[in-house]
**Student:** 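Submitted below is the structure of interest, expressed as structure tokens.
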Amino acid sequence: MIQSVRGTKDILPDDIHLWNFVEGVFKKISSSYGYSELRTPIFEKTEVFVRSIGEETDIVNKEMYSFLDRSNESITLRPEGTAPLVRAVIQNSLIQQSNLLRLWYYGPFFRYERPQKGRQRQFHQYGAECIGSEYPESDAEIISLACDILKGIGIKNFKVLINSLGNNESRDKYREELIAYLSNHLSELSEDSRRRFEKNPLRVLDSKDEKDIELTNSAPSILDFLDKESIEHFEGVKNILTKLDIDFTVHPKLVRGLDYYNHTVFEFQSSELGAQDSIGGGGRYNQLFTEFGAKQTPAVGFAFGVERLIIILEKIIEKDKLVQKPDIFIVSGLNPDDDYYLSLVKKLRNLNLKVITDLNRRSFKAQMKESNRVGAKFALLLGEDEKNSNNITLKRLEDGFQQTISFGSIENFIFDNK
Ligand code: AMP
């Protein structure tokens with residue numbers, strides 16, 4: 001048997017209700033904040049990601065699905081959503097049409113990572129980007145939107161960690177100081193962190209290695225290097241979050257993996273997830289537009305990993321509650337091409353009812369059993385008697401209440417007895 005590719009998963013009918021539910025929440029809450037959906041292609045020119053995410057990041061270095069197409073162009077399956085969205089905004093001159101864009105996206109993403117619980121090679125992200133405001137209220141709006149989505153899904157137990165990387169000057173000053181500190185401890189760092197130190201020293205702060213964590217706990221804090229502008233911005237964000245009753249923790253070691261962040265960075269964590277406890281995160285990226293050769297445009301955004309939202313949702317919801325059971329199962333003794341039978345099925349479906357029929361020519365008794373198995377609200381019993389009198393018999397399966405009614409009064413009966 002040919003199996004699916006390692007790190008990919010089928011979403012089966014039994015689970016699709018969970019997915020439909022979270023997708024509904026994404027749409028509803030994004031729209032209540034005035035965000036519009038933007039869909040980009042699943043693949044882009046490789047350059048889109050190399051330029052934006054940064055050559056020295058794990059994503060670009062180790063995780064991209066890149067290939068040469070038939071005309072020798074390097075193409076990459078998108079590993080994240082911000083860079084393609086920014087590419088689309090610039091290419092379609094969206095920012096010229098409106099000086100503030102509120103956008104969201106949802107779909108599959110691809111990273112060649114070691115698969116484990118909550119980590120796949122094809123996974124899904126929902127993300128939102130607020131483009132065109134440099135002010136802290138836009139950072140706060142994005143964080144508030146993210147929190148409302150988690151609450152809309154029913155997730156209450158989550159942590160919001162925030163930090164500031166400051167503007168470029170503050171970040172550069174800190175970077176030098178951190179390099180100085182780490183160079184005195186190089187031999188004590190893990191191999192991974194030594195590599196990171198060479199290429200992207202801030203990422204040493206991200207290390208999950210215990211010894212690294214201990215060492216970086218005594219490293220200089222970025223918060224001591226923020227200049228006046230950076231402090232004002234960060235204070236502005238925290239002030240609004242406090243007033244919105246959003247519980248957050250300042251975590252000075254939070255830097256996030258991507259190169260393009262400055263000022264606010266944040267992450268959402270859930271203890272329900274185990275080792276991969278990050279539900280998602282994001283930050284401000286005022287320089288990204290210039291990497292694409294466009295005018296400098298301030299922006300802030302975040303992304304959630306949807307598989308991880310689903311893992312949490314499964315723990316807090318009874319899956320059955322999300323399943324829309326059939327309204328009617330037709331238990332028929334008539335021929336499958338009988339006019340009365342077919343016109344009845346058509347009529348019921350036109351009423352927007354969920355109607356199931358037998359396709360295996362099973363006995364009346366077997367059909368009755370099936371109507372219970374699928375959890376239908378009503379069994380509609382149909383035989384020669386009903387056909388000849390232009391009637392049907394409806395049986396409410398919950399309590400066995402049964403009545404024979406005329407073909408014309410089906411609609412009223414169903415809605416009165418649901
Ligand atoms: P990032 O784009 O790396 O900031 O990731 C944002 C979120 O996407 C993470 O917090 C995860 O929830 C999710 N995510 C990232 N990579 C994967 C993956 N390989 N499999 C499943 N979820 C992922």
Side-chain angles (χ1 to χ4, degrees), residues 4-11 15 18-19 22 26 40 42 44 48-49 52-54 56-65 76-86 104-129 142-143 145-147 149-150 153 155 158-163 165 196 200 202-203 205-208 251 254-261 264-285 288 299-314:
S4 60
V5 176
R6 186 166 135 82
T8 67
K9 268 196 182 152
D10 302 311
I11 302 172
D15 286 330
L18 298 166
W19 287 80
V22 298
F26 296 154
T40 63
I42 275 171
E44 296 274 346
V48 166
F49 304 108
S52 57
I53 302 173
E56 303 309 342
T57 55
D58 282 353
I59 295 186
V60 170
N61 259 334
K62 300 192 292 201
E63 297 170 1
M64 292 209 305
Y65 276 94
T76 294
L77 301 185
R78 57 184 191 184
E80 61 101 42
T82 303
L85 184 133
V86 166
W104 67 274
Y105 61 86
Y106 166 71
F109 292 86
F110 308 85
R111 292 183 196 172
Y112 192 82
E113 295 192 84
R114 196 169 56 79
Q116 51 185 293
K117 187 162 180 261
R119 192 171 283 290
Q120 295 172 196
R121 291 184 173 169
Q122 176 177 328
F123 60 100
H124 294 75
Q125 283 189 342
Y126 160 90
E129 315 284 351
I142 275 286
I143 294 173
L145 166 64
C147 291
I149 286 183
L150 294 178
I153 293 172
I155 301 173
F158 61 86
K159 271 203 283 195
V160 185
L161 306 180
I162 69 168
N163 191 24
L165 302 175
R196 286 177 177 152
N200 190 344
L202 256 64
R203 289 223 47 216
L205 300 175
D206 259 350
S207 171
K208 299 269 184 285
H251 187 67
L254 178 72
V255 291
R256 303 202 33 87
L258 313 184
D259 261 4
Y260 54 57
Y261 289 125
T264 324
V265 285
F266 48 90
E267 189 161 309
F268 305 91
Q269 293 181 348
S270 165
S271 52
E272 306 273 3
L273 287 171
Q276 303 295 327
D277 64 354
S278 164
I279 319 174
R284 175 164 282 285
Y285 52 93
L288 185 54
V300 55
F302 76 96
F304 282 142
V306 183
E307 276 73 9
R308 299 195 189 169
L309 295 176
I310 300 276
I311 292 175
I312 304 174
L313 181 62
E314 275 181 315

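Indexing begins at 1, ligand by ligand and atom by atom, following the structure's order. It should be emphasised that the depicted structure is a prediction, and the values quoted were computed from it without experimental measurement.
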**Student:** Does ligand 1 have any atom that is closer than 4.0 Å to a heavy atom of Gly118?
**Tutor:**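 Per 4.0 Å heavy-atom rule, Gly118 contacts ligand 1.
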**Student:** Evaluating non-hydrogen atoms only, which member of Phe123, Tyr112, Phe110 is closest to atom 23 (C) of ligand 1?
**Tutor:**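 Going through Phe123, Tyr112, Phe110 one by one, Phe123 has the nearest heavy atom to atom 23 (C) of ligand 1.
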**Student:** For ligand 1, note which part of Glu113 has a heavy atom under 4.0 Å away: side chain, backbone, both or neither.
**Tutor:**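 Only the side chain of Glu113 comes within reach of ligand 1.
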**Student:** Once you round to the nearest 0.5 Å, how far does CZ of Phe302 lie from CD of Glu129?
**Tutor:**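 Atom-to-atom, Phe302:CZ and Glu129:CD are 8.5 Å apart.
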**Student:** For Gly280, take its heavy atoms, then give the atoms of ligand 1 lying under 4.0 Å from any of them.
**Tutor:**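 Once the distances to Gly280 are compared, the set is 7 (C), 10 (O).
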**Student:** Going by the salt bridge (charged side-chain N to carboxylate O under 4.0 Å, His left out) test, which pairs reach into residues 117-127, not counting sequence neighbours?
**Tutor:**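 Passing the test, one end in residues 117-127: Glu113-Arg119.
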**Student:** Counting heavy atoms only, name the option from Ile279, Leu309, Ile59 that's nearest to atom 12 (O) of ligand 1.
**Tutor:**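 Among Ile279, Leu309, Ile59, the closest heavy atom to atom 12 (O) of ligand 1 belongs to Ile279.
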**Student:** Identify the two heavy atoms, one from Ser270 and one from Ile279, that lie closest to each other, and give their separation to 0.1 Å.
**Tutor:**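 Answer, listing the atom of Ser270 first, then Ile279: CB-CD1, 3.7 Å.
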**Student:** Taking the six-membered ring for Trp and the full ring for Phe, Tyr or His, determine whether the centres of Tyr126 and Tyr106 are under 6.0 Å apart.
**Tutor:**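 No; Tyr106 has its ring centre 6.0 Å or more from that of Tyr126.
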**Student:** Side chain or backbone of Arg111 under 4.0 Å from ligand 1, or both, or neither, by non-hydrogen atoms?
**Tutor:**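 The answer is the side chain of Arg111.
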**Student:** Residues two or more places apart in sequence or in another chain: which of them pass salt bridge (Lys or Arg N to Asp or Glu O under 4.0 Å) with Asp15?
**Tutor:**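 With sequence neighbours excluded, Asp15 shows a salt bridge (Lys or Arg N to Asp or Glu O under 4.0 Å) to Lys319, given in chain and number order.
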**Student:** If we set the cut-off at 4.0 Å for heavy atoms, which region of Glu267 has an atom near ligand 1: side chain, backbone, both, or neither?
**Tutor:**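 Answer for Glu267: neither.
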**Student:** Say whether Gln125, considering both its backbone and side-chain N or O atoms, lies within less than 3.5 Å of an N or O atom on ligand 1.
**Tutor:**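 Yes, since at least one N or O of Gln125 sits under 3.5 Å from an N or O of ligand 1.
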**Student:** Quick one: CG on Asn163 to OG1 on Thr264, what's the gap to the nearest 0.5 Å?
**Tutor:**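 If we round to the nearest 0.5 Å, Asn163:CG and Thr264:OG1 are 9.0 Å apart.
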**Student:** Can you figure out which of Arg114, His124, Gln120 has its heavy atom closest to atom 20 (N) of ligand 1?
**Tutor:**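 Comparing heavy atoms across Arg114, His124, Gln120, the nearest one to atom 20 (N) of ligand 1 lies in Gln120.
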**Student:** Can you classify the ring geometry of Phe123 versus Phe109 as parallel (below 30°), tilted (30 to 60°) or perpendicular (above 60°)?
**Tutor:**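 Correct class here is tilted.
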**Student:** Return yes when Arg119 approaches ligand 1 closer than 4.0 angstrom through a heavy atom, no otherwise.
**Tutor:**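 Per 4.0 Å heavy-atom rule, Arg119 contacts ligand 1.
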**Student:** Taking all non-hydrogen atoms of both residues, which atom of Arg308 and which atom of Ser278 are closest, and how far apart?
**Tutor:**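 Shortest heavy-atom contact: NH1-O, 2.8 Å.
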**Student:** Just which atoms of ligand 1 are under 4.0 Å from any heavy atom in Arg256?
**Tutor:**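 Close to Arg256: 1 (P), 4 (O).
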**Student:** Between Gly127, Ser278, Ser270, flag the one that comes closest to atom 9 (C) of ligand 1 by a heavy atom.
**Tutor:**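 Ranked by closest heavy atom to atom 9 (C) of ligand 1, first place is Ser278.
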